[in-house]
Amino acid sequence: MTNPGDSDEWWKQYGGQGVSPESGGQSSVPQYPTSEPSGYPSAPQYPEQSPPSQPQYQQPPSQPYPQQPAQQPYPQQPNYGYPPGYQPYGVPPAQGTNGMAIGALVASLLGFCTCLGSIVGIILGVIALNQLKQRPQDGRGMALAGIWVGALGIVGWILYIVLLLATSSTT
């Protein structure tokens with residue numbers, strides 16, 4: 001018995017319609033029995049019960065039921081995910097702006113007045129960039145601006161000194 005359709009019981013159950021056992025082929029449309037198997041009732045049969053002896057109360061038809069607004073069948077599901085204030089994958093949120101980055105920008109801007117401010121701004125900017133690699137803080141742009149403004153301040157001071165020396169030697 002290799003296929004479920006090859007058995008004699010199957011053939012007898014379905015009345016042998018559709019495919020002959022000699023052909024060995026399968027019917028394209030399955031044939032189902034037209035009558036129910038014997039021994040099973042068509043509907044469940046329950047013993048008859050006597051009607052209840054208590055009086056039945058009915059609402060008068062003159063008062064219709066009040067209309068209620070449509071309600072959702074189920075309560076609203078809570079939003080899944082991370083609660084507010086948390087970020088995924090264990091990344092802590094940024095903890096403000098790095099103070100060294102702010103100091104680098106301020107010192108570099110003061111470097112236009114004195115050359116020492118530009119040098120301090122460059123040093124503070126480099127320290128701020130190293131701290132920002134280790135800590136999740138804001139201020140990378142300020143640290144880079146402090147370094148570039150400090151470098152421009154030093155270049156400006158060098159050009160100023162060269163121009164002073166060139167003009168003082170000609171007179």
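Note that these values count all heavy atoms, side chains included, but never hydrogens, waters or copies made by symmetry.
For residues 106-165, the pairs satisfying ring pair (Phe, Tyr, Trp, His ring centres under 6.0 Å) are W157-Y160, with sequence neighbours left out.
Listed by chain and number, the residues in a side chain to side chain contact (heavy atoms under 4.5 Å, CB included) with V155 are L159 (sequence neighbours excluded). Residues satisfying the side chain to side chain contact (heavy atoms under 4.5 Å, CB included) test with L132, not counting sequence neighbours, are N98, Q137, R140. Residues satisfying the side chain to side chain contact (heavy atoms under 4.5 Å, CB included) test with I158, not counting sequence neighbours, are I154, V162. For I161, the side chain to side chain contact (heavy atoms under 4.5 Å, CB included) partners two or more places apart in sequence, or in a different chain, are L165.
When each of I123, V126, L124 is tested with I147 by the rule side chain to side chain contact (heavy atoms under 4.5 Å, CB included), just one qualifies, namely V126.
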Just distance, no hydrogens or angles: give the donor-acceptor pairs under 3.5 Å from side chains in residues 101-110, sequence neighbours left out.
unit_1: S108; atom_1: OG; unit_2: A104; atom_2: O; d: 2.9
unit_1: S108; atom_1: OG; unit_2: G146; atom_2: O; d: 2.4

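Within the model, atoms CG of N130 and CE of M100 stand 11.0 Å from one another, a figure rounded to the nearest 0.5 Å.
When hydrophobic clusters are built by joining Ile, Leu, Val, Met, Phe, Trp and Tyr residues whose side-chain heavy atoms come closer than 4.5 Å, directly or via intermediates, V120 is not grouped with V149.
Smallest separation of non-hydrogen atoms from S118 and G111: OG-CA, 3.2 Å.
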